[in-house]
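Every chain is numbered from 1 and lettered A, B, ... according to where its sequence line falls, protein lines coming before strand lines. Source: prediction; values computed, not measured.
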Amino acid sequence: MSNIDNGCGVEIKVCMGTGGMAAGGEAVLKAFKTGLEEKGVAASFKQCSSGKVGCRGFCAKDVLVDVTVNGEKTTYQYVKPEMVERILTEHVIGGNPVADWEVGEDYRTFHGKQAELVLSDCGKVDPEDIDSYIARGGYTAIKKVLASAPEETIDLIKRSGLRGRGGAGFPTGVKWEAGRKSQGAHKYIICNADEGDPGAFMDRSVMEGNPHAVIEGMVIAAYSVGASEGYVYIRAEYPLAVDRLRIALDAARQRGYLGKNILGRGLDFDIKVKLGAGAFVCGEETALIASIEGERGMPRAKPPFPVTSGLWGKPTVINNVETLSNIPYIINKGADWFAAMGTEKSKGTKVFALTGKVRNTGLIEVPMGIPLREIIFEIGGGIENGKKFKAVQIGGPSGGCVPEQHLDVNVDYESLTRLGAIVGSGGMIALDEDDCMVDVARYFLNFTQSESCGKCVPCRIGTKRLLEILERITRGEGREGDIELLENLSNDIKLGSLCGLGQTAPNPVLSTLKYFRHEYEAHIFEKTCPAKACKALITFGILEEFCKGCGACLRACPNAAITGEKKKPHKINQELCIKCGSCFDVCKFKAVTKR
Amino acid sequence: MLTSEQVNKLEEICKRHNKAQSAVIPVLQDVQELFGYVPEDAVNFVADSMGMPRSHFFGVATFYAQFHFKPRGKNIITACSGTACHVKGSGRLIDNLARELGIPEGEETSRDRQFTLEKVNCVGACSIAPVIIINKEVHGKMSSDKLMKEIKKLRPE
């Protein structure tokens with residue numbers, strides 16, 4: 001019997017986060033919508049809906065589409081508009097899912113070890129429809145909270161053990177309590193959505209996928225702390241997240257979850273959106289406050305902490321997006337439920353952006369304390385292209401590398417810090433044998449040096465000198481004593497800098513020195529790059545005996561450095577070679593060498 | 001020199017933000033939206049109109065990476081240089097592209113103002129690295145070949 005005769009329900013959900021949109025999600029959704037109409041599916045089924053959802057994590061497989069027919073869900077991967085016709089005919093109408101296009105085993109292993117909490121509704125709710133959030137239990141937590149004393153909520157969050165997910169890991173309940181006790185008639189809640197760490201995108205995905213959870217978390221925080229005004233400080237580089245957040249704020253206002261006398265309980269609270277203007281340092285609390293006030297985003301000395309004197313000198317509690325979106329779930333399911341996940345000191349789950357050289361890249365949510373090896377080799381499916389694992393960079397420019405010998409480390413705040421890395425905001429970048437660790441350190445220092453606000457000398461000048469030394473080493477101009485100089489300088493910058501940016505900027509250097517000192521030594525003393533990544537230290541050549549004279553390299557060379565007749569071995573003119581590696585990539589006969 | 005139409009629009013911007021101290025960044029963002037970059041004349045105008053030192057506006061504008069002080073190209077190509085993109089070869093993509101577009105060393109815009117190539121820290125689409133945004137459209141898993149094909153479409157005939 002075909003589904004049409006059966007006639008129950010069809011639900012189609014197309015991933016339209018930034019990843020899904022980049023892969024053509026919009027066109028896919030349109031194809032489904034028109035197809036459903038044309039084929040008369042919309043009319044034949046009692047319930048028929050097709051819509052967008054936010055990030056579902058496995059962005060590498062986009063466009064991902066869930067097709068649910070009469071309660072049976074099938075997930076398709078790499079969907080293109082031209083595939084929609086067959087899915088509708090064979091699956092939705094005919095009743096037989098198109099097996100060729102369904103997600104495979106790797107999709108299941110990717111999700112197998114995960115524990116969804118913050119992401120549990122991402123990819124399921126329509127981020128632009130408040131009813132879709134409410135249907136999954138949204139805005140029930142706020143009702144519970146408003147019916148009890150603020151202290152009870154603070155106590156519950158303290159008992160849950162939730163710690164700030166933005167990087168520092170400060171206990172959220174303790175921060176709220178300090179905000180509650182702080183004297184002042186006017187208090188602020190700020191949601192820090194200035195996700196500036198290169199390699200981290202969980203806050204973007206949450207705001208694009210489930211913005212109402214963030215709003216609900218903020219209202220709960222406002223009630224607990226006694227705040228009457230809120231800000232979301234969000235990166236202008238995230239246009240989709242900004243749009244969806246604004247739509248969500250309007251909807252929440254209309255339903256009475258924001259504004260005057262919220263749900264008739266006497267709470268007045270509203271939220272404004274402030275767009276960041278592209279400064280990494282504004283992720284630091286006091287710099288973020290300066291930026292909202294219309295100043296250059298420069299940090300100031302603490303204390304006083306923002307909870308006592310923050311935005312315009314008023315008590316201000318700043319929480320990160322992921323932290324806030326945990327709140328409604330903790331209220332609904334209880335402190336004990338949350339605290340049952342994770343380790344003794346790191347409770348709950350953490351969202352990581354798993355990227356780099358692993359097979360399965362995407363957004364993952366795992367219980368705190370999971371062994372790093374499981375993340376890389378089970379969820380991530382190991383290193384792509386048969387290459388050898390080298391290290392995982394965790395925590396971005398403030399973080400460090402974890403090498404092979406420490407892969408069994410439990411991923412929690414304390415264990416990673418002991419190894420010289422940090423949980424940080426949750427960027428996790430897998431590196432393989434082709435990645436040069438000196439270059440990785442140089443990359444991060446290039447970043448922190450240009451993002452240093454310039455206020456304090458150790459950071460402003462220190463990072464510049466660190467970068468110069470690293471650049472020298474990668475150019476093959478390293479000198480004896482450079483390693484010691486890097487170490488001394490790093491420790492001085494850590495001790496002398498005013499804010500977290502400077503205090504952690506040397507971490508990528510110190511951590512690569514700790515585990516990959518031999519790579520530094522090879523650059524300095526042997527003038528070689530073991531990973532063959534540093535341009536100044538490598539030479540490309542063509543092996544005559546393997547070269548078939550196909551001309552692929554000649555055509556790929558952007559600088560006309562390769563010459564040769566057809567079917568005869570080609571040659572590289574070293575003076576013209578810009579070492580871009582294009583020839584190496586296109587050669588099918590492994591005739592191009594890199595030394 | 002500002003045209004009278006531009007002056008009217010700038011006055012509107014100042015009024016919309018209540019001439020408040022905290023509005024410096026949003027005002028600059030609106031100015032950039034209007035002109036495509038932040039021209040000196042326009043900053044002088046809004047600073048005077050809001051009764052704040054011009055130096056304050058320039059101090060803030062030069063601090064943030066988002067603000068541009070030179071006219072930009074017809075097509076804006078944003079290359080992500082985040083960590084994931086870096087390890088997946090964004091550096092080479094960017095070098096090749098700059099050469100292809102004829103953008104002078106140390107500059108962002110080609111002489112014919114057809115193209116602006118800007119590098120940004122991270123656009124948060126790391127799982128589809130390397131990422132290039134062409135006129136606000138996100139392209140993931142980019143290769144030099146794919147990129148050159150996209151550029152060809154944008155070239156004037």
### Task
Quick one: pull up CE in A/M428 and SG in B/C126 and give me the separation to the nearest 0.5 Å.
13.5 Å
### Query
Closest approach of B/G82 and A/P198, non-hydrogen atoms and distance?
CA-CB, 3.8 Å
### Summary
When every non-hydrogen atom of A/R296 is compared with those of B/Y64, the smallest separation belongs to C-OH, 3.7 Å
### Query
Using a cut-off of under 4.5 Å for heavy-atom pairs, which of A/P397, A/A22, A/G297, A/G581 has the most such pairs with chain B?
A/G297
### Interchain contact, A/A353 with chain B, by part (heavy-atom threshold 4.5 Å)
neither
#### Entry: Proximal component of A/S205, with respect to chain B [non-hydrogen, under 4.5 Å]
neither
### Which atoms of A/E451 approach chain B - backbone, side chain, both or neither, heavy atom under 4.5 Å
side chain
### Query
Checking heavy atoms, do the side chain of A/V281, its backbone, both or neither come under 4.5 Å from chain B?
side chain
#### Entry: Heavy-atom pair of closest approach, residues B/S22 and A/I292
CB-O, 3.7 Å
### Query
Checking B/K141 against chain A: side chain, backbone, both or neither under 4.5 Å from a heavy atom?
side chain
#### Entry: Pick from B/A129, B/S81, B/A61 with the largest number of heavy-atom pairs that fall under 4.5 Å of chain A
B/S81
### Query
In terms of heavy-atom proximity below 4.5 Å to chain B, should A/S450 be classed as side chain, backbone, both, or neither?
neither
### Task
Under 4.5 Å, counting heavy-atom pairs only, tell me which of A/G454, A/G17, A/S291 racks up the most with chain B.
A/S291
### Task
Pick one of side chain, backbone, both or neither for A/F58, based on which atoms fall under 4.5 Å of a heavy atom in chain B.
neither
### Query
With only heavy atoms counted, which part of A/E26 is less than 4.5 Å from chain B, the side chain, the backbone, both or neither?
neither
### Task
Sort out for me which of B/Q21, B/H86, B/H56 touches chain A most, counting heavy-atom pairs under 4.5 Å.
B/H86
### Message
Minimum heavy-atom separation for A/F201 and B/G124, please, with both atom names.
### Response
CB-O, 3.2 Å
### Message
I need the minimum non-hydrogen distance between B/V123 and A/R204, along with the two atoms involved.
### Response
O-NE, 4.0 Å
### Query
So what's closer than 4.5 Å to chain B heavy atoms on A/E295: side chain, backbone, both or neither?
both
### Task
Please step through side-chain contact (heavy atoms from CB on, under 4.5 Å) for the pair B/R92 and A/D585, ending with a clear verdict.
CA-CA 12 Å; B/R92 198 207 302 173; A/D585 291 343; 2.6 Å; yes
### Query
Is there a side-chain contact (heavy atoms from CB on, under 4.5 Å) between A/I578 and B/R99 once you walk through the steps?
CA-CA 12 Å; A/I578 52 167; B/R99 212 173 20 246; 3.0 Å; yes
### Query
Of the listed residues (B/G59, B/C80, B/A84), which shares the most heavy-atom pairs with chain A below a 4.5 Å separation?
B/G59
#### Entry: Heavy-atom pairs under 4.5 Å with chain A, option from B/T83, B/N121, B/V24, B/V138 with the top count
B/T83
### Task
Please state whether the side chain, the backbone, both or neither of A/F444 comes within less than 4.5 Å of a heavy atom of chain B.
side chain
### Under 4.5 Å from a heavy atom of chain B, the part of A/I429 involved
side chain
### Message
Distance check, rounded to the nearest 0.5 Å: B/D95 atom CG versus A/C580 atom SG?
### Response
9.0 Å
#### Entry: Atom NZ of B/K119 with >12 non-hydrogen neighbours under 6.0 angstrom
no
#### Entry: Heavy-atom contact with chain B under 4.5 Å, split by part of A/C282
side chain
### Query
In terms of heavy-atom pairs under 4.5 Å with chain B, which of A/E195, A/R235, A/E237 leads?
A/R235
### Message
Would the distance check show the side chain of A/T361 and the main-chain N or O of B/S127 forming a donor-acceptor pair, the cut-off being under 3.5 Å?
### Response
yes
### Query
What heavy-atom pair brings A/C59 and B/I128 nearest, and what distance separates the two atoms?
O-CG2, 3.8 Å
### Task
Select one option (side chain, backbone, both, neither) describing which atoms of B/S144 are under 4.5 Å from chain A's heavy atoms.
neither
